[in-house]
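Order of the sequence lines fixes the chain letters, A, B, ..., with proteins taken first and strands second; residue numbering starts at 1 for each chain. Note that the coordinates shown come from a computational prediction; the quantities given were computed from them, not determined experimentally.
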Amino acid sequence: MRIATWNVNSVNARLPTVLAWLEAAAPDVACLQEIKCVDEKFPREALEGLGYNVETHGQKSYNGVAILSKHPLSDVRRGLPGVDASGYEAEAEQSRYIEALIEAPRPVRVGCIYLPNGNPVGTDKFAYKLAWYDRLHAHARDLLALEEPFTLCGDYNVIPTPEDARNPAAWTGDALFQPESRAAFQALRHLGLADAGELGGQPPGTFTFWDYQAGAWQRDHGIRIDFHLLSPQAADRFQSVETHRDARDMEKPSDHVPVVIELED
DNA sequence: ATGTCCTGAAGTTCAGGA
């Protein structure tokens, strides 16, 4: 089974790009982040036309996540359990997590993550990011107790190590490279999750994001912030990982590229 | 590494987020 994660930066603004990539890469499952629309405005029919079942957790203007699957989906969860303790955005939960069980002959659970960016550092947004990491940590621990194959994949909005940036010095003041953000990601991994990039032996410089500004793509000023974190039962089935760098050169590209893993069927 | 893009409300431009 091939499972993709991709922050598309608005599914409607980029629909032809998204459809073209899905058609060519043909993943069995695709986790999309930053769909930037409510459920009613998600281009459901176009994606069903490619053979996908669709589950969304949308939001007006910002955020929003979706899971597409050629296999049936069940046990769908929208939003992480737990209360946001930071007080930020207390009036409305942000749509940043959707999870489903992929009903293949050998099932896999998939959690689709759009972690808060957290900039600027020192504001309630940064506190919200760290609180969200705590909630994800608690949920990952609960999932691990089930001893099932799963991937928690998506935009983690963290640069885990200096090797994950072309120019780490440029990121020292950024929420993505703060010690607290890096520690939260590290703690999550230390629950016993495997980074698919590491399992697949991806070399340093396998970036997944290049800013639209300042010629970041042309200069390869990228960062690696999109990950598949695998449970032990999924890691046992791991076969390969591919980062689709070419997608950054498509017409009307997202600023992120897809990362696709293959698990043994 | 600040050279852009997206959304929505206002009203063909701007604020806010990333």
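- Taking atom CD on Gln218(A) and atom P on dT4(B), their separation rounds to 11 Å, with Å as the unit.
- Under 4.0 Å is where a charged nitrogen must lie from a carboxylate oxygen, and between Asp220(A) and Arg245(A) at least one such pair does.
- Using C1' as the reference atom, dT12(B) and dT7(B) are 16 Å apart when rounded to the nearest Å.
- Side-chain atoms of Lys36(A) and Asn9(A) form a donor-acceptor pair, as typed in the model, at a separation below 3.5 Å.
- Each of Tyr114(A) and Ala214(A) was assigned the nucleotide of DNA chain B with the nearest heavy atom; the assignment lying further toward the 5' end belongs to Ala214(A).
- The interatomic distance linking Asp255(A) (CG) with dT4(B) (P) rounds to 14 Å, in whole Å.
- Here dT2(B) presents its C1' atom at 13 Å from CG of Asn167(A), a figure rounded to the nearest Å.
- Here dT4(B) presents its P atom at 14 Å from CZ of Phe209(A), a figure rounded to the nearest Å.
- Tyr114(A) and Phe42(A) are members of different hydrophobic clusters when ILVMFWY side chains are connected at heavy-atom separations under 4.5 Å.
- The salt bridge (Lys or Arg N to Asp or Glu O under 4.0 Å) check on Glu180(A) picks up nothing, with sequence neighbours excluded.
- Of the charged side-chain nitrogens involved, none lies within less than 4.0 Å of a carboxylate oxygen, so that Arg224(A) and Glu163(A) do not count as a salt-bridged pair.
- The residue among Ala170(A) and Asp155(A) whose nearest nucleotide of DNA chain B is located toward the 5' end is Ala170(A).
- Atom CH2 in Trp217(A) sits about 17 Å away from atom C1' in dC5(B), given to the nearest Å.
- Taking atom P on both dA15(B) and dA10(B), the two are 14 Å apart, rounded to the nearest angstrom.
- Nucleic acid contact class of Asp211(A) (heavy atoms, under 4.0 Å, all strands): base.
- Partners of His71(A) by ring pair (Phe, Tyr, Trp, His ring centres under 6.0 Å), not counting sequence neighbours: none found.
- Taking atom CG of residue Asn117(A) and atom C1' of nucleotide dC6(B), one finds them 15 Å apart after rounding to whole Å.
- Comparing dT2(B) with dG17(B), their C1' atoms sit 15 Å apart, to the nearest whole Å.
- For Gln213(A) and dA18(B), the CD to C1' distance is 9 Å, given to the nearest whole Å.
- A distance of about 15 Å separates the P atoms of dG16(B) and dG11(B), rounded to the whole Å.
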- prompt: How does protein reach along nucleotides 7-12 of chain B, written 5' to 3' as B (base within reach of a heavy atom under 4.0 Å), S (only sugar-phosphate), or - (no contact)?
  reply: SSS---
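- Close placement of the His244(A) and Trp21(A) rings is indicated, their centers lying within 6.0 Å of each other.
- Counting to the nearest Å, the C1' atom of dG17(B) and the CG atom of Asn119(A) are 10 Å from each other.
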